[in-house]
Amino acid sequence: MTTENPARPAPAERFDPRTYESRWRERWAADDLYRADDADPREKHYLLTMYPYPSGDLHIGHWYAATGPDIVARMRRMQGFNVMFPMGFDSFGLPAENAAIDRGAHPMEWTQTNVDRMREQFRSMGCMFDWSREVVTSDPSYYRWTQWLFVQFFKAGLAYRAMAPVDWCPKDQVTLAREQVEGADRHCWRCGTPVIKRDLEQWFFRTTRYADELLDFSQIDWPEPIRLMQTNWIGRSEGAEIDFAVEADGVAPIRVFTTRPDTIFGATFMVLAPEHAAVAALTTPARAAEVASYTAAARRETEIERMSAERERAGVFIGAYAVNPMTEERIPIWIADYVLPGYGTGAIMGVPAHDERDFAFATRYDLPIRYVVLPPGGTAPEGEAFVAHTADEVLVDSGAFTGMTASDGIAAITEELAERGQGSSAITYKIRDWLVSRQRYWGAPIPIVYCPEHGAQPVPEDMLPVLLPFDVDFAPTGVSPLQSNEEFLAASCPVCAGPARRETDTMDTFVDSSWYFLRYCSPKEDGFAWDPVTVRHWMPVDLYTGGAEHAVLHLMYARFFVKALRDMGLLPFDEPFLALRNQGQILGADHQRMSKSRGNVVNPDDLTGRFGSDTVRCFLMFIGPWDQGGPWNPSSIEGVHRFLGRVWAAAQATTGGHPRPIPGMPADAPGGFPPSAGEVPGQEMAAIEGGIRALRHATHLAIKEVGEDYAAFHFNTALSKLMGLTNALGDARDAGLAGTAAYAEGVDTLLLLLAPMAPHVTEELWARRGRAYSIHQQAWPDFEPALVVADMIELPVQVDGKLRDRLLVAPDTSPQEIERLALASERVQAYLKGRTPRTVVQIPGRLVNVVTPGG
RNA sequence: GGGCGAGUGGCGGAACGGCAGACGCGCCGGCUUUAGGAGCCGGUGUCGCAAGACGUGCGAGUUCGAAUCUCGCCUCGCCCACCA
């Protein structure tokens, strides 16, 4: 059985990536191979992958995240684009400060050490990062401009200071943005400690001003889940604000927000948040003690405690009454912590028949429940709220509005209230302004000074940066460590030059990352945050990749920044990132997130030491769909390494067998040989030419499919197709075709298509084949459409949808001929049992289905 | 509780509504080797000697034809969570 296929000879030289990988990386660096030129006239392509926090060592997840976009960047470059693919470090942040507290290392030094180490580790991956554009956010040359941008936001009224109840992490001793509080137990995103609320004077960015525009994704190609998460986070609700007069002298009417103004005839009570401003004035003396104790308890409770009482829906009657503007009924006013102070107006009308929470509350306190909207059937449910909202529900017991559909009722009631001056349609959002101040050291100081005379004043732009002092006390006390440095504190007022005190809070690191993609365009610019001309050239980012965990943090803040800067006249576009792709997460072998404390972190250095970077890159891309990730399981890395070994052998086996020219290819093409037809017997000649056609078909099909797969981030299937081409080259060698031009074309194509994924071995083999340096500067191959189509196709023949036979036909065989051949099949006849088929379904090039009269 | 996504061999995973399991791992057999390893060749969904039958979480439906579309259920993952 194996006599016709003698074992292929082992390659003359062993495949050992260690002998050439670092040599090529040094050459590429020395030649500045990956530097993107601002003035290059070719079409630009800005490809960006999220920069890392310099936590210490690069782990396998960084490799996974970076290799995908690197492949696409390399292909785009070969396709003729002027590609920029930069990298940097998000180097401000809490871990550096914690290292200082735990180990006594200064954050500045700790960060610098880590950045240096990780930069070297990044280089070992062989990515085409343009290191000449590196950005390090903790460098004064960077945060000077972060501060400058803060000042611009301040001047534009988009940065403001306010006393607010804020989420506070008791362990890290720091305030958190709302987006940084996670999970049902409301814990800190970084350390997992449950957060508490504190009232503090804090800095905010006015993200709410852009809520509506942030909901518009029409200009960008982003994954649906990310768009949904942002949409839900912004949480736009349409409804109405309605004023309810109160029975108390000198107290203004109370305004509530509702999405269901059509249910107003069912409003039988009112609930205020315990924090509502009117509570004090409205509470009657008889109820004062109970109200005070409830309010105090609510204030003391943490978010988790509120959650644990979730179904309680407890509240207190404050003794006062409001008037339902439609029914003119007196309704009691309660306070309850299920009404949130920060959403809507902090007050609701209680409509127990049509809201589950109101229903639970009314049931508990025996308040009236009145159904005013009924389902089309016309019967109110017993013992539960009817909350569905469809177009054909009907209003009942609603005065002049009775009989209207719910959607007509919303419009008509809102209009009626507006005419009376008691309400208007309104839109509310869940999104809050972005809390940006942190009581921490290792961040960009907020460039504000406080003058006893002139209040908060921005530091003049020519006095930036406000440098972080080196000597401070890092102990987490809840106040900014910068307060421990007297020299830093002392400042002068920019207005009166009198003594002033410097702001000691620093900025959330997400401020740094909201504009780093702009800085990459002109990283050395020192007269401005960026050079407007080069920013206009490179921006927006054409393709951004990173983890989906940033859906409502970084990705929303960056959009907000760009829109705000556009409105200040600083940027000429609306969106930072035109397309977005999310990679999956590589989990530990135990299916848990990789972390040092779990001891499941995979160190890429061990793997590259054994197999080289190319194997690790290919293996990571071969695991599965890139956007899916998965648990770490290195069992098949050997298989990928073997594949590169087969490429190694294939590319160097260029002699032997029958040298044949390719029809239509010049005889002097690389690997071409003069015709020698007379030397070969006719039958063998036909076999050789069939083999050549098959190989060229495999080659050109690979060009088409691998390119499409790379562009779609389907790296796993791209690699399987490259394996297929490699196997086809092996078959060609077995058939004695190693010396043909078709074989040379196949090898060159294989190397070019593999170059983005395995940059080192392809460069080495390209050089060994005597081709011009560098393979990474070659043009991406084009396929010939005629060769993508196979000579003969195998057509499955079904009877009643079940596979019964196959036809081998030329692709251009007529449907009539195919039907004739299918019906002539013995196997088909056996199933037809002499009957005439009811119909024959044909999908051109795909299959034939013979449908029997019974089928 | 709400939203989104995913369930396919022993494993990772392929498959514009059209041949289920590409490609690879593992395993079995062979060649080579003093041996081991490496490399190479062949086989490998399940049941069955075979013919064949059965197979994509479970149950219905649409269709000539469903892993793929629709409905219901189960399991897992992620996000949000008293948002009026």
**Message:** Among A/F611, A/F622, A/W648, A/F619, exactly one meets ring-ring contact (aromatic ring centres under 6.0 Å, His included) together with A/H641. Which residue is that?
**Reply:** A/F611

**Complete:** Minimal heavy-atom distance between A/M326 and A/I413, with the atoms involved, is CE-CG2, 4.0 Å

**Request:** Rounded off to whole Å, could you give me the CG-to-P distance for the A/N582 and B/rG5 pair?
**Result:** 14 Å

**Request:** Report which part of the nucleic acid A/G724 touches: base, sugar-phosphate, or nothing (heavy-atom distance under 4.0 Å, all strands).
**Result:** nothing

**Request:** May I ask you to verify if any side-chain N or O of A/Y343 is less than 4.0 angstrom from the OP1 or OP2 atom of B/rA84?
**Result:** yes

**Prompt:** Whole Å only: how far is the CG atom of A/D734 from the C1' atom of B/rG39?
**Reply:** 14 Å

**Request:** Only one of A/I431, A/L214, A/L555, A/L215 passes side chain to side chain contact (heavy atoms under 4.5 Å, CB included) with A/Q230; say which it is.
**Result:** A/L555

**Asked** Rounding to a whole Å, what distance do you find between A/I843:CD1 and B/rA15:P?
**Response** 20 Å

**Message:** Just N and O in the side chain of A/S237: are any of them under 4.0 Å from OP1 or OP2 of B/rA84?
**Reply:** yes

**Message:** If I pick the C1' atom on B/rC58 and the same atom on B/rA50, what distance separates them, to the nearest angstrom?
**Reply:** 33 Å

**Prompt:** Would the number of heavy atoms belonging to other residues, nucleotides or ligands and lying under 6.0 Å from CD of A/E356 be above 12?
**Reply:** no

**Message:** By nearest atom, which of the nucleotides B/rG13, B/rC40, B/rC11 is closest to the A/Q628 side chain?
**Reply:** B/rG13

**Item:** Rounded distance in Å - CZ (A/F643) to C1' (B/rC23)
**Value:** 10 Å

**Request:** Please determine, for B/rG7, whether a Watson-Crick or G-U wobble partner exists with both distances under 3.5 Å, and give it or none.
**Result:** B/rC74

**Message:** Would you measure the distance from the P atom in B/rA15 across to the matching atom in B/rC47 and give it in whole Å?
**Reply:** 28 Å

**Request:** Could you please name the partner base of B/rC54, counting Watson-Crick and G-U wobble pairs only when both distances are under 3.5 Å?
**Result:** B/rG45

**Request:** Kindly point out which of B/rA14, B/rA84, B/rC25 is positioned nearest to the side chain of A/F257?
**Result:** B/rA84

**Message:** Taking the ring centre of each residue, are A/Y343 and A/Y429 less than 6.0 Å apart?
**Reply:** no

**Asked** B/rU63 C1' sits how many Å from A/Q798 CD, rounded?
**Response** 13 Å

**Prompt:** In the strands shown, is B/rC31 matched to any nucleotide by a Watson-Crick or G-U wobble pair with both distances under 3.5 Å, and which?
**Reply:** B/rG39

**Request:** Just name whichever nucleotide pairs with B/rA20, Watson-Crick or G-U, keeping both distances under 3.5 Å, else none.
**Result:** none

**Message:** Suppose we call two aromatic rings close when their centres sit under 6.0 Å apart. Are A/F713 and A/F715 close by that rule?
**Reply:** yes

**Request:** Let me know, please, whether A/M349 or A/V640 comes out on the 5' side of the other along RNA chain B by nearest nucleotide.
**Result:** A/V640

**Message:** Measuring only the P atom in each nucleotide, how far is B/rU8 from B/rG57? A whole number of Å is fine.
**Reply:** 6 Å

**Item:** Nearest-Å distance once atom C1' is located in both B/rG17 and B/rG29
**Value:** 40 Å

**Asked** Contact class for A/T839 (heavy atom, under 4.0 Å): base, sugar-phosphate, or nothing?
**Response** nothing

**Prompt:** Across the strands shown, which category fits A/S636 at heavy-atom distances under 4.0 angstrom: base, sugar-phosphate, nothing?
**Reply:** sugar-phosphate

**Message:** Taking A/D16 first and then A/R18, would you say they form a salt bridge - that is, a charged N and a carboxylate O separated by under 4.0 Å?
**Reply:** yes

**Asked** When you compare B/rC80 with B/rA66, how far apart are their P atoms, in angstrom units rounded to a whole number?
**Response** 40 Å

**Contact letters for nucleotides 50-56 of chain B, in which S counts primed atoms plus P, OP1 and OP2 and B counts the base, heavy atoms under 4.0 Å** = --SS---

**Prompt:** Rounding to the closest angstrom, what is the interatomic distance between B/rG59 and B/rG7 at atom C1'?
**Reply:** 16 Å

**A/L228, nearest nucleotide to its side chain (from B/rG24, B/rC4, B/rC23)** = B/rC4

**Prompt:** Is it true that A/R260 and A/D262 make a salt bridge, defined as a side-chain N closer than 4.0 Å to a carboxylate O?
**Reply:** yes

**Prompt:** Out of B/rG39, B/rG18, B/rC4, which has the shortest distance to the side chain of A/N849?
**Reply:** B/rG18

**Message:** Distance check needed: B/rG3 C1' versus A/I234 CD1, whole Å only.
**Reply:** 16 Å

**Message:** For B/rG65, does the O4'-C1'-N9-C4 or O4'-C1'-N1-C2 angle fall within 90° of 0, making it syn, or is it anti?
**Reply:** anti

**Item:** Gap in Å between the two P atoms, one belonging to B/rG24 and one to B/rG5, rounded
**Value:** 33 Å

**Interatomic distance, A/E638 CD vs B/rC27 C1' [rounded to whole Å]** = 16 Å

**Prompt:** Nearest to the side chain of A/R642 - B/rC79, B/rC40, B/rC11?
**Reply:** B/rC40

**Request:** Determine: side-chain N/O of A/N716 to OP1/OP2 of B/rA14, distance under 4.0 Å, yes or no.
**Result:** yes

**Message:** Among B/rA84, B/rA15, B/rC40, which nucleotide has an atom closest to any side-chain atom of A/T717?
**Reply:** B/rA15

**Message:** What's the closest nucleotide to the side chain of A/R846 if the choices are B/rG18, B/rG24, B/rA81?
**Reply:** B/rG18

**Request:** Sort out the partner of B/rU62 for me: Watson-Crick or G-U wobble, both distances under 3.5 Å, none otherwise.
**Result:** none

**B/rG55 to B/rG72 separation - C1' atoms, rounded to the nearest Å** = 23 Å

**Request:** Name the orientation class of the two ring planes belonging to A/Y365 and A/W334 (parallel below 30°, tilted from 30 to 60°, perpendicular beyond 60°).
**Result:** tilted

**Item:** Euclidean distance, atom CZ of residue A/R227 to atom C1' of B/rC4 [Å, nearest integer]
**Value:** 13 Å

**Asked** A/Y371 and A/F386: aromatic ring centres closer than 6.0 Å?
**Response** no

**Presence of salt bridge, A/D627 and A/R581, under 4.0 angstrom** = no

**Asked** Checking all strands, does A/I623 fall into the base, sugar-phosphate, or nothing category for heavy-atom contacts under 4.0 angstrom?
**Response** sugar-phosphate

**Message:** Only pairs with both distances under 3.5 Å count, Watson-Crick or wobble alike; so what is the partner of B/rG1 in this structure?
**Reply:** B/rC80

